[in-house]
**Q** 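I have a structure here, written as structure tokens, and I will follow up with some questions on it.
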Amino acid sequence: MIGTTLRVLTKSQTTIPSSSRLQQIAIFFFVQAPATHPPVMVAGGQVVDVPPPDGRLRLRVPVPPPRSFLRTARAGLRETLFPDDPFRAVAREPAGRRRALAVLRYVFPCLEWLPSYSSADLRSDLVSGLTVASLAVPQGISYARLAGLDPVVGLYSSFVPSLVYAVLGSSRDLAVGTMAVGSLLFASMLGPAASPATDPALYARLAFTATFFAGVFQAGLGVLRLGFLVDFLSHAAVVGFMGGAATVVCLQQLRGFLGLHHFTHATDIPAVLGSVFSQSAQWQWQPFVLGCCLFLFLQITRYISKRRPKLFWVSAAAPLVSVILSTVLVYLINGEKHGIQTIGSVKQGINPPSLKSLLFSSPHTWLAAKTGIITGIISLAEGSAVARSFAMAKNYHVDGNKEMIAFGAMNMAGSCTSCYLTAGPFSRSAVNRDAGCRSPASNAVMALAVLATLLFLTPLFRHTPQVALSAIIASAMLGVVDLRAAARLARVDRVDLCVCLGTFLGVVLGSIDVGLAVAVAVLVLRVLLSVARPRTTALGKIPGTAAYRRVDQYAMAEPTPGVLVLRVDAPICFANASYLRERISRWITDEEDRVVGSGAAAPLRCVVLDMGAVASIDSCGTKMVEDLKRSLDKRGLQIALANPGSEIMRKLDKSKVLQLIGDEWVFLTVAEACDYAQSNCKVGTDASQGAAAAASPDEMV
């Protein structure tokens, strides 16, 4: 017969909106259970043991209430796609005009800073925009030549995309424009289908089409909230990829330094060096001397700016100064007669429309799409990393998915206005930040400066030597090679170092595609291995505390007599269930051998699994726990679970595994599990008694 006692206690006081004060009442029911079960107490939906004679209270781990599949799927989808709750600023506004304005501010981030834009902000953005423009003009011409396009396309690409980003971008420091690695990818991937020298019109159409596909891909990732896919390119892979690409780009500039008219489109080092030395009879010393002088000048200015951050404008203006000085020199000495090649005439005027030039039904459409997707990923990886790092330094937030939408919009708009791939390169963004920019309006200022160049100054570039552009590219690429990051990888994580080196070697010895494929393959393999082969560790008790820690990390951690404590550091799923079953069995065998070898008085009686790091479990995982329970029963051992999460408890309960193990063998902490096991597993008795105790834990209570 069950006897029930009711006790009413005052738990706390709660303030009621009507200003009256009431006491919140908690009602506890004490239930005298049958003799074969320990007495329990139901308190607020949780089950706890009635205090034993020593006065201690053990809290049972509750099974959470069931949730519908749709509710669970909705919560998982929301956490996957909207972890930062991007619409909270819209949802908290009352319906009507204010909510409509919040939606507009979310879609057009410029509406967030425009209402509070001041004259001081305008002055700062004017200075930074003009400073970046002095770098963007020579870089744009240089990178367009690297991509195999007309030099003016590089200027076009610094005009329209910059205006689009000023409206849709959320980073205050990012300065958009063309990038060297993307330009190299365009030349290496599109060049075999249409040579820039023999068919420049088709090549330009392919470049615009690839840019359009890059924009669609980037915007699609942002709209679908799939930006986390870009994170599969880890920092180590990006460091190796950018270093390899920078090495190849620098070697390709030997064409300009040596005054060569023909050069290979391949990007691997053997092909580039072979092209250089096979034309040794055509080497020109005049452009080599001029290029070395310009390169040395650029490196000196870079060194000055690094030593004196306030003189950032020295290195920012150096490319434009080098273009002006070399152009004047070549014009005065008539350098074309001395083997110094010039870029020739540059078209004057704003961007012509190119929507009708896009190729959607061409045999090369798939190639353009492939190029766009690959370059879109690379530009997103670099631009997002730059935007996040600058935002963290200045303590403001950048929405990565909104940045992807902005990148996609500016590339789609650029592809329709004779522009090719644009992103947020580090060199321009660093100059923009150091110049004191306050908002994305600095990109609009830069765009207006480039517009003035297109309308009035392009004829002045007629005598600009190609070697000056090569020197600018080579100098910029040296800053891309991050030796400090590689050294840090060597100190911190050798596996990441292998990823970095593998990607680097794939780029310089194979191709850009090979390097990217190596990076993705190695990273995916690493993720799969971490899931399929999770870490399991043995825990021991820290003397004088109730804490259990890894015995291989804490030398003072002591094993609990008769109890083996194991921690699983990963979700339990179909990919690792078999491995965990075998690995835990091996842990048990090793522990039994250790006990026999050491002559310990207490044989192994219980295995405690610390489930605190197990975030999820599937049907294969629950079957593994069930099989493990039955296997331990045959060996005369008891299994106990410590600190399982809500999802773990829910699925173990639905699969009836929880009933098989017994509620009393599921604990809140490892310490409680070990204390209970030592008290109730009859540690030190013979094996038959231990087996009986493990098989019927209720009888031991």
Side-chain angles (χ1 to χ4, degrees), residues 37-38 40 46-49 58-64 534-541 546-550 559-560 562-573 576-577 579-585 587-588 591 604-681 683 693-698 700-701:
H37 296 276
V40 297
Q46 292 183 336
V47 182
V48 299
D49 289 334
R58 184 168 75 84
L59 181 66
R60 291 282 184 86
V61 180
V63 177
R535 185 186 301 274
T536 57
T537 54
L539 305 183
K541 185 178 182 181
Y548 280 76
R549 296 294 183 265
R550 293 175 54 169
T560 303
V563 180
L564 173 62
V565 183
L566 299 176
R567 185 176 69 189
V568 181
D569 289 333
I572 304 176
C573 61
N576 57 32
Y579 168 78
L580 286 175
R581 185 188 302 110
E582 297 171 359
R583 188 67 185 91
I584 292 173
S585 298
W587 273 110
I588 296 172
E591 178 66 13
L604 182 62
R605 291 287 182 248
C606 182
V607 178
V608 177
L609 296 183
D610 182 3
M611 308 287 281
V614 181
S616 62
I617 191 171
D618 64 1
S619 58
C620 293
T622 59
K623 186 63 168 61
M624 185 276 292
V625 178
E626 179 182 353
D627 293 343
L628 184 62
K629 163 63 177 172
R630 299 187 187 279
S631 174
L632 294 183
D633 285 347
K634 294 178 181 179
R635 301 174 68 165
L637 301 176
Q638 173 64 43
I639 185 173
L641 305 181
N643 192 23
S646 59
E647 181 181 351
I648 311 301
M649 290 294 292
R650 184 183 298 113
K651 291 187 177 180
L652 290 178
D653 180 60
K654 289 183 177 180
S655 62
K656 307 301 181 183
V657 177
L658 191 60
Q659 290 83 342
L660 180 65
I661 296 175
D663 293 343
E664 62 275 14
W665 291 104
V666 182
F667 302 88
L668 190 66
T669 65
V670 174
E672 291 181 1
C674 292
D675 292 343
Y676 191 82
Q678 286 186 306
S679 302
N680 295 276
C681 278
V683 176
S696 302
D698 291 342
M700 300 180 295
V701 180

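We number each residue from 1, following the sequence as shown.
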**Q** Measure from the side-chain N and O atoms of Ser655 to the backbone N and O of Lys651, and report whether any donor-acceptor pair falls under 3.5 Å.
**A**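 Such a contact is found between Ser655 side chain and Lys651 backbone.
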**Q** Has the side chain of Asn576 got a donor or acceptor atom that lies under 3.5 Å from a matching backbone atom of Cys573?
**A**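 Present.
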**Q** Hey, are the side chains of Trp587 and Thr536 touching, using non-hydrogen atoms and a 4.5 Å cut-off?
**A**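 SC-SC contact between Trp587 and Thr536 confirmed.
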**Q** Determine whether Leu637 and Leu564 satisfy the following criterion, side chain to side chain contact (heavy atoms under 4.5 Å, CB included), listing intermediate values before the conclusion.
**A** CA-CA 10 Å; Leu637 301 176; Leu564 173 62; over 6 Å; no
**Q** Looking only at non-hydrogen atoms, find the nearest pair between Ile661 and Ile639 and report the distance.
**A**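 Here Ile661 and Ile639 meet closest at CG2-O, 4.0 Å.
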**Q** Work out which heavy atom in Met649 is nearest to a heavy atom in Pro644; give both atom names and the distance.
**A**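 In terms of heavy atoms, the two residues are closest at SD-CG, 3.5 Å.
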**Q** When rounded to the nearest 0.5 angstrom, what is the spacing between CG in Asp627 and CG in Leu580?
**A**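 It comes to 12.5 Å.
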**Q** Do you know the tightest heavy-atom contact between Leu539 and Arg550?
**A**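 The pair with the smallest heavy-atom distance is CD2-N, 3.7 Å.
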**Q** In chain order, what residues pass the side chain to side chain contact (heavy atoms under 4.5 Å, CB included) check against Lys654, with sequence neighbours excluded?
**A**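 In terms of side chain to side chain contact (heavy atoms under 4.5 Å, CB included), with neighbours along the sequence ignored, Lys654 is linked to Arg650.
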**Q** To check you understand the geometry: which heavy-atom pair defines the closest contact between Ala546 and Ala671, and what is its length?
**A**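 Looking at all heavy atoms of both residues, the shortest contact is O-CB, 3.5 Å.
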**Q** Starting at NZ of Lys629, measure out to CD of Gln638 and round the result to the nearest 0.5 Å.
**A**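 It is 4.0 Å, given to the nearest 0.5 Å.
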**Q** Would you call the rings of Tyr676 and Trp665 parallel, tilted or perpendicular, taking 30° and 60° as the class edges?
**A**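 Tyr676 and Trp665: perpendicular rings.
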**Q** Would you kindly say whether Gln659 and Asp653 are connected by a side-chain donor-acceptor distance under 3.5 Å?
**A**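 Yes, side-chain donor-acceptor contact under 3.5 Å.
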**Q** Nearest 0.5 angstrom please: Ile588 CD1 to Ser631 OG, how far?
**A**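 Taking CD1 in Ile588 and OG in Ser631, the distance rounds to 7.0 Å.
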**Q** Please tabulate, for side-chain N and O atoms in residues 614-621, each donor-acceptor pair with protein atoms closer than 3.5 Å (sequence neighbours left out).
**A**
{"residue": "Asp618", "atom": "OD1", "partner": "Cys620", "partner atom": "N", "Å": "3.2"}
{"residue": "Asp618", "atom": "OD1", "partner": "Gly621", "partner atom": "N", "Å": "2.9"}
{"residue": "Asp618", "atom": "OD2", "partner": "Phe574", "partner atom": "N", "Å": "2.9"}

**Q** Quick one, Val565 with Lys541, criterion side chain to side chain contact (heavy atoms under 4.5 Å, CB included). Give me CA distance, side-chain angles, the key distance, then yes/no.
**A** CA-CA 10 Å; Val565 183; Lys541 185 178 182 181; over 6 Å; no
**Q** Please lay out, stage by stage, how Asp610 and Asn643 fare under the test side chain to side chain contact (heavy atoms under 4.5 Å, CB included).
**A** CA-CA 6 Å; Asp610 182 3; Asn643 192 23; 4.2 Å; yes
**Q** Rounded to the nearest 0.5 Å, what separation is found between the NZ atom of Lys623 and the CD1 atom of Ile572?
**A**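 If we round to the nearest 0.5 Å, Lys623:NZ and Ile572:CD1 are 14.0 Å apart.
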**Q** Measuring from Asp633:CG to Leu628:CG, what's the distance to the nearest 0.5 Å?
**A**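 Nearest 0.5 Å value for the CG-CG distance: 9.5 Å.
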**Q** Before giving the answer on side chain to side chain contact (heavy atoms under 4.5 Å, CB included), spell out for Ile648 and Leu641 the whole-Å C-alpha distance, their side-chain angles and the decisive distance to 0.1 Å.
**A** CA-CA 10 Å; Ile648 311 301; Leu641 305 181; 5.8 Å; no
**Q** Restricting to non-hydrogen atoms, name the atom on Cys674 and the atom on Thr560 that form the minimum distance, rounded to 0.1 Å.
**A**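 Minimum heavy-atom contact is SG-OG1, 4.1 Å.
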**Q** Which heavy atom in Leu566 sits nearest to a heavy atom in Ala538, and how many Å separate them?
**A**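 Shortest heavy-atom contact: CD2-CA, 4.1 Å.
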**Q** How many angstroms lie between atom OG1 of Thr622 and atom NZ of Lys656, to the nearest 0.5 angstrom?
**A**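 Answer for the OG1-NZ pair, Thr622 versus Lys656, is 12.5 Å.
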